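All values reported here derive from a predicted model rather than from experimental measurement.
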Amino acid sequence: GVSGDELDALYRRSSIFALPAKYEFFGLSVLDAARHGCALVLSDIPFLRENWEDAAVFVNPDDVDSIRNALAYLIQNDLERKDFARKAFERAQIFNSKRTARSYTDLYEWMSSQKINSTFGGAA
């Protein structure tokens, strides 16, 4: 396997990160790549589109030509590649632990302020 330091070095040397996965539940690798300033080429699947809309180039994971064309486009278009990298980096800032913790705390506080009984949804 690759150590964390080795992976970090790989991200720093890369300008494009591709994840043509058919299934992805969170995409920590995408987040790491975005935080390191990579332009993103991602599968056009609901989770990835929801989180990276307008900050990535989306491809059909079953279409090799689509993936190849997206990579070639970003390689050949320096300004577009840098623009997608900037957008991905900015989007990645949304996904930080403090913000996530605050969101959960807000949700728990809201839920505890509601009068919810044990039948899940009925008012007390």
Side-chain angles (χ1 to χ4, degrees):
V2 177
S3 75
D5 289 339
E6 291 170 322
L7 187 57
D8 193 54
L10 288 170
Y11 283 130
R12 281 195 309 271
R13 288 195 316 259
S14 301
S15 59
I16 301 170
F17 176 83
L19 183 68
K22 291 184 183 183
Y23 308 99
E24 184 61 42
F25 297 106
F26 182 72
L28 287 177
S29 61
V30 178
L31 184 57
D32 283 343
R35 286 183 175 158
H36 282 86
C38 294
L40 305 175
V41 175
L42 306 175
S43 293
D44 194 0
I45 57 177
F47 174 79
L48 293 174
R49 182 161 292 274
E50 175 184 339
N51 286 300
W52 299 99
E53 182 76 34
D54 300 326
V57 175
F58 290 94
V59 297
N60 178 342
D62 295 315
D63 183 352
V64 175
D65 289 333
S66 170
I67 299 165
R68 182 184 309 119
N69 291 340
L71 291 170
Y73 175 77
L74 289 177
I75 290 167
Q76 296 169 4
N77 293 282
D78 191 50
L79 290 176
E80 286 290 312
R81 184 179 64 252
K82 288 178 180 178
D83 188 47
F84 274 107
R86 178 189 53 77
K87 289 176 184 177
F89 179 82
E90 290 171 358
R91 181 69 51 84
Q93 304 316 300
I94 293 171
F95 303 109
N96 67 53
S97 58
K98 287 182 182 179
R99 184 177 180 151
T100 300
R102 182 74 242 164
S103 295
Y104 274 109
T105 301
D106 290 346
L107 175 62
Y108 293 144
E109 288 174 357
W110 175 83
M111 289 175 65
S112 68
S113 73
Q114 303 301 304
K115 301 221 184 276
I116 300 173
N117 69 20
S118 62
T119 61
F120 298 100

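V64 belongs to no hydrophobic cluster, as no Ile, Leu, Val, Met, Phe, Trp or Tyr side chain comes under 4.5 Å of its own.
Ring-plane geometry between Y11 and H36 is classed as parallel, the angle between the planes falling under 30 degrees on a 0 to 90 degree scale with a further cut at 60.
The two residues A34 and A88 come nearest to each other via the heavy atoms CB-O, 3.5 Å. Of all the heavy atoms in C38 and S14, the pair that sits closest is SG-O, 3.5 Å. Of all the heavy atoms in G37 and A85, the pair that sits closest is O-CB, 3.2 Å. In terms of heavy atoms, I67 sits closest to V59 at CG1-CG2, 3.7 Å.
Hydrophobic clustering of Ile, Leu, Val, Met, Phe, Trp and Tyr side chains at less than 4.5 Å, counting indirect connections, keeps V41 apart from L48.
Under the side-chain hydrogen bond (donor to acceptor under 3.5 Å, both in side chains) criterion, D78 pairs with R81, K82, not counting sequence neighbours. Under the side-chain hydrogen bond (donor to acceptor under 3.5 Å, both in side chains) criterion, E50 pairs with no residue, sequence neighbours left out. The side-chain hydrogen bond (donor to acceptor under 3.5 Å, both in side chains) search around D62 returns K22, not counting sequence neighbours. With sequence neighbours left out, N77 forms a side-chain hydrogen bond (donor to acceptor under 3.5 Å, both in side chains) with no residue at all. Shown here are the side chain to side chain contact (heavy atoms under 4.5 Å, CB included) partners of F89, two or more places apart in sequence or in another chain: Q93.
In this structure, the side chain of R91 engages the main chain of E53 through a donor-acceptor pair within 3.5 Å. Between the side chain of S66 and the main chain of P61, no donor-acceptor pair closer than 3.5 Å is present. No donor-acceptor pair closer than 3.5 Å links the side chain of D83 to the backbone N or O of L79.
Annotation: the span from N69 atom CG to D63 atom CG amounts to 8.0 Å, rounded to 0.5 Å. The line from CG of L42 to CG of N51 is 10.0 Å long, rounded to the nearest 0.5 Å. In this structure, D8 CG and S3 OG are separated by 9.0 Å, a value rounded to the nearest 0.5 Å. With values rounded to the nearest 0.5 angstrom, I16 atom CD1 is found 10.0 Å from L40 atom CG. Here the straight-line distance linking atom CZ of F17 with atom CG of L31 works out to 10.5 Å at 0.5 Å rounding.
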Next item on the list: Go through I45 and Y23 one step at a time and tell me if the side chain to side chain contact (heavy atoms under 4.5 Å, CB included) criterion holds.
Entry: CA-CA 8 Å; I45 57 177; Y23 308 99; 5.7 Å; no
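Partner W52 forms a ring-ring contact (aromatic ring centres under 6.0 Å, His included) with one of F95, F84, F58 and no other, that one being F95.
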